[in-house]
Amino acid sequence: MKKKVGIYICQCGPNIADNVDIDKIIESVSAFNDADDLEIVAKPYGLLCSGEGKDYLKQEIEENGLTHLVIGACSPRDHNNTFIGVCKETSLNPYLYKLINIREHCAWIIHDKDKATEKAIQYIRGGLRRVLYQSELFENKLDTNPDVLVIGGGIAGIEAALSLADADRQVFLIEKTDRLGGKAATFKTVLPKQQDAVEAIQLKIQTVQDHPHIQVMLNTRLDRIIGFLGNFEAEVRSIDDAEKMTELKIGAMVVASGFSLYDASTHPDFIFSGDDEVYTALQIEQMIAEKNQVTTRSGKAPKSVAMIHCVGREEVGYCSQICCNAMIKLAARFKTQSPDTTVKVFFRDLCLPHQDDQAFYNEIKAQGVEFVRVNRIATEGSQIKFTTMDENEGSELFDMVVLAPAMIPADGTPDLATKLGISLHETGFFQEAHQAINPVATATDGIFIVGTAHGPRGIQATLLQAQAAASKIRVQLIPGEQIVPEVRVSETLEAFCMGCKTCLEVCHYGAIVFDEDKGISVVKEAVCRGCGNCVGSCPSGAIQLKHFTNPQLYQEMIEAVQ
Amino acid sequence: MDKPNQNEFKPKIVGFLCNWCTYAAADLAGSSKMEIDSALTVIRVMCSSRVDPNLILTIYFNGADGILIAGCHPGDCHYGKGNYFTRRRYAQMKQVFETLNLDPGRLQLSWISAAEGNRYAEVVNAFTEKITALGPNPINQSSLF
Amino acid sequence: MSFSNQVLVIGAGIAGMEASLMLAKSGKKVFLVEKLSLIGGNVIKNEESFPNLECSTCMVAPIQQAVLQDPNIETMTLSTVEKIDGDVGHFEVSVLKKARYASMTDCIGCGMCYEPCPVSLSNEWEENLGEKKAIYVPTAGSLPNVPAIEAEHCLQLSGKKECNACVEACMFGAIDLSETDEQMQLEVGAILLATGSDLFDVSQLTQFGYGKYPSVYTSIEFERLFASNGPTLGEIKIRNSDRQPKAVAMIHCVGREEQGYCSGVCCMVSLKHAHFLKHKLGDVKLFNLYTDFCVPDKTHQKFQKNIIEETQSIFHTSMKDIKVTEADSVLNVAYIDAKGKEASLNVDMVILAPAIIPGKDTEVLSRIAGIETTEIGFLGLKSGGLSTVETAREGVFLAGCAEGPKDVQSSVTQAESAVGGMLARLSSLTS
Ligand SMILES: Cc1cc2nc3c(=O)[nH]c(=O)nc-3n(C[C@H](O)[C@H](O)[C@H](O)COP(=O)(O)OP(=O)(O)OC[C@H]3O[C@@H](n4cnc5c(N)ncnc54)[C@H](O)[C@@H]3O)c2cc1C
Ligand SMILES: Cc1cc2nc3c(=O)[nH]c(=O)nc-3n(C[C@H](O)[C@H](O)[C@H](O)COP(=O)(O)OP(=O)(O)OC[C@H]3O[C@@H](n4cnc5c(N)ncnc54)[C@H](O)[C@@H]3O)c2cc1C
Ligand code: SF4
Ligand code: SF4
Ligand code: SF4
Ligand code: SF4
Ligand code: SF4
Ligand code: FES
């Protein structure tokens with residue numbers, strides 16, 4: 001078929017026109033005749049991105065029956081989408097168009113007009129060569145399933161489930177134990193501003209259980225998943241009855257598997273056995289929940305309590321964010337239980353990064369809780385040895401010692417990560433897509449991580465993340481609406497692939513799967529983001545990135561060296 | 001600044017810039033009207049990791065005097081870890097160049113963020129100077145290829 | 001009839017932008033009101049953001065672009081909300097849109113109009129470390145990349161003198177000095193306040209010598225000093241001089257006691273600055289004066305550890321005892337050390353990390369929006385333990401630093417959560 005390429009050079013007011021000789025460009029590129037069946041239409045225009053400019057382009061495309069389009073103008077970061085939009089309103093496939101940036105790359109930076117013109121000609125010729133090698137690409141609309149699987153029935157999972165169910169999503173909530181609520185459900189004491197939490201959490205649990213859109217599956221774990229955003233299939237299995245497997249079709253997943261505590265007994269500085277008066281903060285919370293008071297093993301109220309912060313912080317390599325607060329809260333509890341209890345808090349840094357934290361701390365301090373800043377601390381049973389900041393050593397015996405062990409990822413986290421195909425952060429918690437600007441998503445579209453599965457945090461921050469993930473799902477998967485995946489994605493060329501699986505390793509998004517039958521790799525187009533990393537990795541040139549193929553790039557760059 | 005005997009030689013340099021950082025830096029350098037040598041031809045790729053060894057060798061054997069690959073700073077890649085792979089492939093390519101007895105100095109990898117318009121100009125100009133000093137790609141002079 | 005298909009977002013920082021994009025994606029028409037001439041908020045002032053030390057422009061520019069290009073988002077810059085009437089589903093909002101004098105559609109951002117302008121002003125956005133003209137964009141790379149004119153300083157507009165220099169310089173006829181402020185009425189179903197925060201005014205605490213000694217900086221000033229698109233193009237030179245600092249003290253928690261809370265991000269900011277200095281100046285001596293390291297995230301402690309190796313951390317016992325004095329361009333920082341003894345350091349630059357405090361407009365906004373402020377002065381959530389984004393006025397939500405000090409991650413999370421809250425509230429009206 002005869003090819004008819006339109007080349008339009010934008011003057012960009014004086015920005016391009018003053019600094020390169022547009023007539024010369026037109027003259028030069030009009031003379032380009034690399035092939036017989038090629039016809040070129042080359043014209044200057046005032047401002048192509050303006051309303052009139054866009055109309056002009058549409059008209060030119062249709063009237064001239066253009067088969068390809070090259071625009072010499074500004075940065076694609078400014079106006080690529082503008083011109084793609086123009087093409088979409090015409091009969092020209094938008095992937096048969098190419099924007100060449102002669103403003104930022106010639107007119108504005110090459111201060112000699114002749115040189116700038118020469119360069120612009122070279123760029124436009126490169127664009128012309130390239131566009132002839134481009135192919136039509138077609139957007140593919142996919143149906144989606146708006147339903148969601150939530151893994152973990154702690155406060156994080158409960159909140160995500162509720163937010164989604166209220167948005168009319170069917171939610172499947174799987175929990176590996178026989179009850180909902182996770183750790184927070186047992187707390188009787190919470191931070192001062194969270195007093196309603198105790199009841200609110202119970203209410204939420206009840207609502208989840210009764211909700212028509214939520215199917216709770218206790219004693220259940222995930223077996224495997226396949227698919228991608230909008231179209232996942234998950235198999236979940238009963239822990240009690242290995243025969244009982246359920247297959248779920250969902251569009252997205254929320255991982256809310258929670259946390260465990262660092263095992264303080266493995267720490268060389270903290271020596272204690274089950275008979276000593278040494279407890280973790282969580283054990284104290286549980287004691288309060290069970291009998292509404294804190295007693296020693298002999299059943300007496302402790303007269304002196306040592307509270308030790310940051311147990312295992314060095315070992316795990318991060319600060320757990322909530323334990324300072326939780327410890328101060330428990331210190332307050334000891335004081336309410338009996339105001340004349342001696343409570344000493346041993347800490348190195350106080351991490352109180354929320355609005356009300358410091359006021360609470362001041363209040364507790366005023367109630368007579370003593371805060372001792374220490375450089376080092378060790379226990380042997382309830383005998384405590386410490387070095388203060390000014391290098392003084394101390395040793396004291398207490399009726400009770402409360403440790404704040406670091407929060408660590410829940411048991412089974414690595415296994416869950418493997419099943420889901422998502423990565424772990426070096427601390428062992430799940431890895432988010434982007435720490436700052438995409439914190440609850442993962443590298444796999446459609447899989448979200450929330451609550452303490454994501455990292456140590458308190459109830460409030462946990463709820464926020466759960467709600468955030470629910471919002472993201474709500475916005476990404478709208479019932480009845482289709483999604484349009486990116487079309488400039490990679491594809492494997494079956495004939496060249498030798499099945500080495502190198503590409504599987506490099507893809508950050510798990511977009512490449514291995515077809516065991518054929519022994520080759522296949523790109524899941526709906527998952528691929530089009531970075532081209534796999535192309536660079538493949539030793540046999542078996543992958544090509546559409547719209548950035550080697551022949552296309554070759555044509556574009558070859559002008560540079562001629 | 002002109003070095004008398006090199007006045008004749010005008011290097012041809014191909015630069016692969018990743019869309020999210022370095023290409024943006026080039027835009028910033030452009031809108032700040034910084035003066036940049038015309039030796040460089042920019043090829044936009046979505047991520048620096050798209051630049052496969054094939055492209056590099058192809059353009060080198062077609063006569064490019066210098067090849068620049070530039071992308072986001074380590075850790076900033078828009079696609080997670082793409083530029084770590086770029087770095088590895090770059091190291092490999094350097095070795096390939098050495099093995100083939102080509103000058104690995106004609107190949108350069110730089111990290112330039114979107115805010116670093118001035119650094120972009122500096123890097124491009126310095127690389128152009130360096131390649132000018134190295135002289136033409138021997139391919140262009142030998143009859144071997 | 002309810003206006004549940006339209007929403008208002010106030011403040012185009014990272015929180016406001018993220019929320020707007022999501023709301024637009026869900027099909028809502030979004031009015032995004034920003035009082036400055038550019039969008040992006042505080043993050044774009046930072047060259048790099050912790051914890052990844054990622055280039056902030058690279059991280060945020062695609063978001064800014066997406067906001068500006070989204071057909072469902074109407075971004076209104078140089079605008080403020082003056083009144084909010086009605087209630088959830090039926091808010092009627094008055095917005096004052098100040099004249100920009102340059103057309104958002106005709107201007108192509110070539111920058112030809114600044115140079116001819118005869119009026120030079122101190123650039124507030126650059127923390128007054130640089131200058132701008134009466135017609136300006138705050139910094140290279142501002143988005144939208146369209147200048148605005150400060151009417152009170154423009155010769156022509158203030159009536160001081162006739163001038164038409166910028167109009168003549170613009171080849172696109174994009175400048176219109178006859179433009180006037182506009183009063184607009186919006187009808188929206190729900191509102192998100194994402195107006196961010198400010199920094200504690202450190203000049204109140206004279207002991208630190210801020211304002212008196214040119215080599216004492218605040219953290220945000222230092223961000224701009226370090227930024228490669230900043231007033232010095234990223235060269236670290238002491239104010240009014242050509243000197244590079246050889247020894248720098250970073251003082252944490254300035255204003256924490258006065259404000260009564262820990263801001264949760266300033267330690268990380270100070271550490272980041274230590275890294276910047278080391279990275280750029282090599283053999284500079286660095287001192288971190290602190291009492292508590294508050295580095296509460298899975299990533300932060302490692303960040304701290306890495307940077308601490310490059311600096312000397314000095315534990316001191318009380319903020320009150322720190323005193324900065326200057327003699328012969330040398331700053332002396334006196335403090336009380338861990339043993340309770342007097343000690344001091346000589347440095348040539350001090351960077352103060354001020355507490356994050358409620359934004360200037362908080363009072364006004366709380367009145368307009370009809371919501372309470374918290375004990376420490378930020379916009380307040382509905383009381384009761386578990387509210388995360390909703391305020392006491394139904395249909396009005398909060399996100400980001402407007403609700404309290406936080407980092408980018410938490411600001412974005414809260415914004416995303418608020419979107420869910422807004423959508424849920426709006427759909428409960430229609431169903
Ligand atoms: C001593 C102590 C005191 C605290 N006090 C406070 C306080 O006062 N205020 C506050 O805000 N925060 C407090 N916290 C923090 C609070 O406990 C957490 O923020 C909260 O519990 C996190 O909830 P979650 O749902 O993320 O995790 P979890 O509560 O750990 O719940 C996770 C759930 O997932 C399930 N699960 C795990 N793996 C799987 C799997 N593979 N498949 C299925 N299900 C799985 C678990 O069984 C569990 O039910 C305290 C923490 C401690 C340790
Ligand atoms: C020096 C410094 C360094 C920092 N570095 C980091 C870092 O490295 N990493 C990190 O995670 N966090 C960092 N932070 C914190 C980070 O800047 C904030 O978390 C983030 O900016 C909060 O975003 P926001 O959208 O809530 O508010 P902002 O970014 O402040 O945005 C608020 C927006 O609202 C506008 N506005 C204000 N009032 C009104 C009004 N009345 N009407 C209309 N619009 C209004 C403002 O102009 C602004 O555009 C730093 C903070 C400081 C001070
Ligand atoms: S929150 Fe407090 S106790 Fe917990 S690790 Fe951090 S500093 Fe230590
Ligand atoms: S790297 Fe190439 S050859 Fe190896 S499996 Fe992937 S596509 Fe096939
Ligand atoms: S182009 Fe990128 S996202 Fe797509 S398959 Fe290749 S590596 Fe994965
Ligand atoms: S009209 Fe005003 S803004 Fe324009 S150049 Fe004159 S003083 Fe500057
Ligand atoms: S000269 Fe005109 S087009 Fe250029 S930046 Fe100024 S107003 Fe915009
Ligand atoms: S996107 Fe810039 S290097 Fe990957």
Side-chain angles (χ1 to χ4, degrees), chain A residues 12-15 47 49-50 74 77 81 163 166-167 190 193-197 200 313 317-321 349-359 362 389-391 425-427 429 434-440 455-456 459-461 463-465 467-472 474-476 478, chain C residues 14 18 22 25-27 49 51-52 54 59-60 63 65 69 105-106 108 110 171-172 256 260-265 292-302 305 315 338-340 374-376 378 384-386 388-389 404-405 407-410 412-414 416-417 419-421 423-424 427:
Chain A
C12 196
N15 283 292
L47 213 53
C49 60
S50 64
C74 53
R77 292 175 64 255
N81 287 340
S163 309
D166 286 343
V190 283
K193 283 275 160 112
Q194 301 176 332
Q195 260 130 20
D196 315 354
R313 173 174 164 183
Y318 52 85
C319 152
S320 298
Q321 184 170 150
D349 295 299
L350 272 184
C351 184
L352 302 170
H354 307 99
Q355 303 203 22
D356 318 306
D357 296 354
Q358 187 143 333
N362 290 337
M389 292 303 280
D390 50 9
E391 300 295 324
H425 183 256
E426 58 188 11
T427 51
F429 293 99
H434 192 287
Q435 270 157 353
I437 55 172
N438 203 0
V440 295
I459 295 170
Q460 188 88 359
L463 292 174
L464 271 164
Q465 286 195 327
Q467 294 159 355
S471 306
K472 293 216 103 177
R474 200 178 169 138
V475 167
Q476 283 174 5
I478 299 173
Chain C
I14 191 71
E18 172 72 3
M22 285 177 68
K25 188 145 195 280
S26 76
S49 292
N52 279 346
E54 177 162 349
M59 187 168 97
V60 181
I63 298 176
Q65 293 274 18
Q69 289 175 4
T105 43
D106 296 343
I108 64 139
C110 66
M171 307 299 289
F172 300 89
R256 171 170 161 187
Y261 56 87
C262 154
S263 302
V265 292
D292 296 284
F293 266 119
C294 181
V295 286
D297 186 279
K298 66 182 172 192
T299 53
H300 290 8
Q301 181 165 312
K302 183 170 178 217
K305 286 263 143 74
F315 173 79
K339 297 206 163 77
T374 64
E375 277 153 43
I376 61 170
F378 288 85
L386 294 181
T388 49
V389 292
D407 62 5
V408 173
Q409 178 184 105
S410 308
V412 168
T413 305
Q414 199 173 25
E416 292 171 351
S417 162
V419 167
L423 293 176
S427 68

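Convention: sequence-line order gives letters A, B, ...; per-chain numbering from 1. All values below were derived from every heavy atom in this structure, side-chain atoms included, with hydrogens, water molecules and symmetry-related copies excluded.
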**Item:** Met22(C) and Ser471(A): CA distance, side-chain angles, deciding distance, side chain to side chain contact (heavy atoms under 4.5 Å, CB included) verdict
**Value:** CA-CA 8 Å; Met22(C) 285 177 68; Ser471(A) 306; 3.7 Å; yes
**Request:** Starting from the C-alpha separation in whole Å, work towards a yes-or-no answer on side chain to side chain contact (heavy atoms under 4.5 Å, CB included) for His425(A) and Thr299(C).
**Result:** CA-CA 9 Å; His425(A) 183 256; Thr299(C) 53; 3.4 Å; yes
**Message:** Run the side chain to side chain contact (heavy atoms under 4.5 Å, CB included) test on Arg474(A) and Ser427(C) for me, step by step, so that the C-alpha distance in whole Å, both residues' side-chain angles and the decisive distance to 0.1 Å come before the verdict.
**Reply:** CA-CA 12 Å; Arg474(A) 200 178 169 138; Ser427(C) 68; 3.5 Å; yes
**Asked** Do Cys12(A) and Ile108(C) pass the side chain to side chain contact (heavy atoms under 4.5 Å, CB included) test, and can you show the C-alpha distance, the side-chain angles, and the key distance before you say yes or no?
**Response** CA-CA 8 Å; Cys12(A) 196; Ile108(C) 64 139; 3.2 Å; yes
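Under 3.5 Å, the side chains of Gln467(A) and Thr388(C) contain a donor-acceptor pair of N or O atoms.
Looking at Thr427(A), only its side chain comes within 4.5 Å of chain C, counting heavy atoms on both sides. Proximity to chain A (any heavy atom under 4.5 Å) is restricted, for Gln65(C), to the side chain, taken from C-beta onward. Of the atoms belonging to Thr374(C), it is side-chain heavy atoms, and not backbone ones, that fall under 4.5 Å from chain A. Looking at Pro14(A), the atoms closer than 4.5 Å to chain C (heavy atoms on both sides) sit in the backbone and in the side chain alike. Neither the backbone nor the side chain of Asp356(A) comes within contact range of chain C, judged by heavy atoms closer than 4.5 Å. Neither the backbone nor the side chain of Ser49(C) comes within contact range of chain A; no heavy atoms are under 4.5 Å apart.
Between chain A and the options Met171(C), Glu18(C), Gln414(C), heavy-atom pairs under 4.5 Å are most frequent for Met171(C). The residue among Phe172(C), Tyr261(C), Phe378(C) with the most heavy atom pairs within less than 4.5 Å of chain A is Phe172(C). Across Val190(A), Asp390(A), Leu463(A), the residue that shares the most heavy-atom pairs under 4.5 angstrom with chain C is Asp390(A). Heavy-atom pairs under 4.5 Å with chain A were tallied for Ser26(C), Ser410(C), Cys262(C), Gly27(C); the largest tally goes to Cys262(C). Considering only heavy-atom pairs separated by less than 4.5 Å from chain A, the leading option among Gly420(C), Gly264(C), Gly421(C) is Gly420(C). With chain A as partner, the option from Ile14(C), Val60(C), Asn52(C), Val419(C) having the largest number of non-hydrogen pairs under 4.5 angstrom is Asn52(C).
With sequence neighbours excluded, the residues that form a salt bridge (charged side-chain N to carboxylate O under 4.0 Å, His left out) with Glu416(C) are Lys472(A). Every salt bridge (charged side-chain N to carboxylate O under 4.0 Å, His left out) that Lys305(C) has, sequence neighbours left out, goes to Glu314(A).
Annotation for Ala338(C) and Met389(A): closest pair CB-O, 3.7 Å, computed over non-hydrogen atoms. Nearest heavy atoms, Gln409(C) versus Pro439(A): CG-CB, 3.5 Å. Between Cys110(C) and Asn15(A), the shortest heavy-atom distance links the atoms CB-OD1, 3.2 Å. The shortest non-hydrogen separation linking Val412(C) to Ala436(A) is CG2-O, 3.6 Å. Scanning all heavy atoms of the two residues, the minimum distance from Tyr318(A) to Asp297(C) falls at CB-O, 3.8 Å. Closest heavy-atom contact between Cys294(C) and Pro353(A): SG-CB, 3.8 Å.
Side-chain atoms of Gln358(A) and Arg256(C), non-hydrogen and from C-beta on, do get closer than 4.5 Å to each other. Using a 4.5 Å cut-off on side-chain heavy atoms (C-beta onward), Leu464(A) and Val389(C) make contact. Residues Val295(C) and Asp349(A) form no side-chain contact, since every pair of their non-hydrogen atoms from C-beta on lies 4.5 Å or further apart. Between Val475(A) and Leu423(C), the closest side-chain pair of non-hydrogen atoms falls below 4.5 Å.
Within a 6.0 Å radius of CD in Glu375(C), other residues, nucleotides and ligands contribute 12 heavy atoms or fewer.
Put simply, CD1 on Ile437(A) and CD1 on Ile63(C) are 4.0 Å apart, with the number rounded to the nearest 0.5 Å.
Looking at Lys298(C) and Glu426(A), no side-chain N of the basic residue comes within less than 4.0 Å of a carboxylate O on the acidic one, giving no salt bridge.
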